[in-house]
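This report concerns only the one structure given below.
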There are 2 protein chains.
Amino acid sequence: MNPTDAADTCHGRVRDREATRQRILDSARELFTQEGYAQVSSRSIAAEAGVNVALINRYFGAKRGLLAEVIAEDAAFPQLVQGERQTLPRRIAEHVVHRTLGEGTPLQRALLHSLGDPDLKSVFEERLQSAIIGPLADYIGGPDARTRATLVAALLIGVGNVRRMGGADALMEADADALVQRLTGIVERCLEE
Amino acid sequence: MNPTDAADTCHGRVRDREATRQRILDSARELFTQEGYAQVSSRSIAAEAGVNVALINRYFGAKRGLLAEVIAEDAAFPQLVQGERQTLPRRIAEHVVHRTLGEGTPLQRALLHSLGDPDLKSVFEERLQSAIIGPLADYIGGPDARTRATLVAALLIGVGNVRRMGGADALMEADADALVQRLTGIVERCLEE
DNA sequence: TTGACAAGTCAACACTGTTTACTTATACCT
DNA sequence: AGGTATAAGTAAACAGTGTTGACTTGTCAA
């Protein structure tokens, strides 16, 4: 009998470290983006993955390690920082209107659900720099590149947060094209030398 | 013997609903602004106040009721929305640089520590509208007042969040006056009709 | 076949917010 | 003054959390 068969051991599965790790990660991503970090318990992730709770800590150190890995996969924003410089503000504005104000990327959703969580601070800290501010600053260049990039990041995150707080009704009801135009102007102002 | 004396009952205090409520509230404000909502347990608030845990739920319904009451006291932003219209963007910019990027108001600190907390959503939701977007929209008037006010709110909250995530180093190292100028321009852009 | 080692399990730990049933002090009324 | 209703305060339990250490069991190599 082939030990890699799906048809398994007494408990229904072959012992495969990597496969189990991936199962947990998949369940975590699913649940985190659906309900947010704090709302999802380790036990429910384990149950969804059909796995023992203790394995989360074995493979990811702690629950936060799961989120760290989940958000590390997302690469929506870095893709934005490519193409011609002139239309960057518009691309960012469109990203805000169609992504941030829409469903949002998995990273965004997890991030906005879970921002402010104490033991996630370092996770977000790293990600904010490496995925948003850093690439953007490098891309725009010029004096105070980092300052200007940080302002754009603040705007992005702020819109996301306001939306999550249910305060973005006005933005979502507004005419999308007009909003893109307005945001383009704001981002231009942020990036101005 | 005067029953309102500080010198008390067997457990060291007179029974006084309002005074006890205030004690709890004071301890909560202190601890929330120092360490953040999630980090502070009901029991630690009760201990700090020298009071039984169950009284928190008795007087405030639940832990979230405590934060709701704490942040309801803060009125830093509404004060901003007074005075001549022309200099509003500059006042907001200065608020961001000197308050948000500095120590922050108690509300801000609590808010930024605790944003994203699920059962606080409704609390922040209400506060965002009644203390920031609402007053600002009324003040600026004109078409899309609410949309424009929401963008400013997003910027404010975004800067606060980025700072909390440790991503605002660039902003805090930047020349304060120059930053105020830049932010004034951005806020003007947000408010533009 | 027998070990060794990894993968997986189980039960416990200390902690959380919240609720219930309880005791006790206060203030009012006869 | 004495008795009593009512509110203030208490204690203990509940169900849930993340995390840990000692345990069992499957798998693969010698």
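Lettering follows sequence order; numbering is per chain, from 1.
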Partners of A:Gln79 by side chain to side chain donor-acceptor pair (under 3.5 Å), sequence neighbours excluded? none
Between P on D:dC28 and CZ on A:Arg17, what's the gap in Å once rounded to a whole number? 16 Å
Count the heavy atoms of every other residue, nucleotide or ligand shown that sit under 6.0 Å from CD of B:Gln86, and state whether that count exceeds 12. no
Any idea which of C:dT18, C:dG8, D:dT17 is nearest the B:Arg43 side chain? C:dT18
Starting from C1' on C:dT18, measure out to CZ on B:Arg64 and report it in whole angstrom. 11 Å
What nucleotide among D:dA8, C:dT18, D:dT19 has an atom nearest to a side-chain atom of A:Ala62? D:dT19
Can you name the side-chain contact (heavy atoms from CB on, under 4.5 Å) partners of A:Glu188, sequence neighbours left out? A:Pro89, A:Thr184, B:Arg189
Let me know the distance between CD of B:Gln22 and P of D:dA8, rounded to the nearest Å. 15 Å
Rounded to whole angstrom units, what separation is found between the CG atom of B:Asp16 and the P atom of C:dT26? 11 Å
Salt bridge (Lys or Arg N to Asp or Glu O under 4.0 Å): pairs with one or both residues in residues 84-97 of chain B, sequence neighbours excluded: B:Arg90-B:Glu94
Which residues within residues 48-57 of chain B lie with some heavy atom under 4.0 Å of an atom in DNA chain D? B:Asn52, B:Ala54, B:Leu55
Once side chain to side chain donor-acceptor pair (under 3.5 Å) is applied, what residue pairs with a partner in residues 141-159 of chain B remain, sequence neighbours excluded? B:Gln129-B:Arg146
Atom CD of B:Glu18 and atom P of D:dA7 are separated, to the nearest Å, by 15 Å
Should B:Ser42 be listed as having a side-chain N or O under 4.0 Å from OP1 or OP2 of C:dT16? no
Counterpart residues, side-chain contact (heavy atoms from CB on, under 4.5 Å), relative to B:Asp26 (two or more places apart): B:Gln22, B:Arg29
